[in-house]
> 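First the structure, which I've put down as structure tokens, then a few questions once you've had a look.
Both ligands and their constituent atoms are indexed starting at 1 by order of listing.
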Amino acid sequence: MRMTYCLCVLGLSLTLLGCSSNDKHETGPKALTVPKKHQGSYPIKAVGTTGMVADLVRNVGGEHVEVHQLLGADIDPHVYKPTDKDTSRLAGADIIFYSGLHLEGKMSEMFERMASKNACIGVADLLDRKLLAKDEENAWDPHIWFDVALWSKAAGVVGEALALYDPANATTYKANLARYQKELDDLHGFVERRIAEIPEKHRVLITSHDAFRYFGRAYKIEVHGIQGISTDVEASVADITRLVNFIVERKVRAVFVETSVNPRNMDALIEGCAKKGHQVARGGTLFSDAMGEEGTPEGTYAGMIRHNVNTVVTALK
Ligand code: ZN
């Protein structure tokens with residue numbers, strides 16, 4: 001029989017049961033069961049898909065959890081196909097955390113298959129839908145990490161899941177969570193203050209794909225991407241022309257490429273603006289769906305957010 005746990009995390013009601021389904025248009029929050037509790041040795045072997053998710057699990061899991069990050073720097077999760085090595089790594093994991101809301105497009109079905117036997121958690125799938133945004137085609141936007149306050153709620157999901165899987169160390173996970181959420185509160189304040197430094201009329205963020213909707217919503221900056229919320233659909237000439245016209249009309253100062261997305265559309269955009277007599281600058285490179293290299297400041301979630309914010313403010317201020 002499937003057990004359903006009703007949890008209250010930071011005032012957030014979550015029902016946890018099974019991995020996410022493949023439906024981008026789901027109406028309710030997902031739920032998760034942890035089919036078994038931890039019985040083996042420590043540290044617990046966890047796999048996190050993206051750098052952001054792995055970072056979350058590292059912070060909340062602390063010394064009891066060893067985290068393997070599946071997708072390295074610059075890897076685009078929307079189109080990533082798991083290798084045989086990834087599949088065996090996942091099969092050998094005690095617990096799996098993935099971002100969810102269909103971010104890992106090609107891996108979603110695999111996670112679903114694994115859910116019956118493994119603790120397998122789609123972090124964003126468990127958030128209250130009222131907190132989430134949709135795209136123009138009514139699909140849930142998976143890029144929740146760009147609203148730091150929302151990411152803090154995702155940390156709550158990880159904390160509750162670890163506490164369920166490994167009740168013996170629940171107190172430690174809760175303490176780690178509280179400490180990390182305090183750090184995220186400070187980071188959220190930092191982003192708010194820095195973005196507010198950009199004069200309102202210049203507060204426009206143009207990127208390669210629509211990864212910054214939550215960022216725009218949380219920090220009051222208008223956002224536009226050449227491609228939609230997933231990179232698996234190519235931009236059309238019409239998409240580029242539409243944005244060229246927008247940039248020229250609004251006299252946007254700079255545009256930004258992303259480390260995990262091919263810059264060729266951005267080159268076409270800059271060229272299109274130049275043909276219309278508007279020189280738009282390359283504002284720099286942002287981390288969108290992948291963090292920086294391990295061991296660099298941008299190889300952590302907080303470092304990635306700070307890098308992005310400082311890059312954007314410098315170029316647009
Ligand atoms: Zn994306």
> Is the Zn ion (ligand 1) less than 2.8 Å from an N/O/S atom of Asp76, whether that atom is in the backbone or a side chain?
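False for Asp76.
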
> Would you say that more than 12 heavy atoms from the other residues, nucleotides or ligands in this model lie under 6.0 Å from the CD of Glu192, or not?
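Enclosed: over 12 neighbouring heavy atoms sit under 6.0 Å from CD of Glu192.
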
> Check whether any side-chain N or O of Asn118 sits under 3.5 Å from a backbone N or O of Cys120 as a donor-acceptor pair, and report yes or no.
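Side chain of Asn118 to backbone of Cys120: no pair is present.
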
> To the nearest 10°, how many degrees is the angle His143 NE2 to the Zn ion (ligand 1) to Asp289 OD2?
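The NE2/OD2 angle about the Zn ion (ligand 1) sits at 120°.
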
> Please confirm whether Arg306 makes a cation-pi placement over Phe190, using NZ or CZ under 6.0 Å from the six-membered ring centre and within 45° of the ring normal.
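Relative to the ring axis of Phe190, which defines the angle, Arg306 lies inside both limits.
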
> Quick one: the NE2 of His78, the Zn ion (ligand 1), NE2 of His209 angle, rounded to 10°, please.
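Answer comes to 110°, rounded to 10°.
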
> Between Trp140 and His102 (side chain of the first, backbone of the second, donor and acceptor by atom type, cut-off under 3.5 Å), is there such a pair?
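Flag not set: sc Trp140 to bb His102 has no pair under 3.5 Å.
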
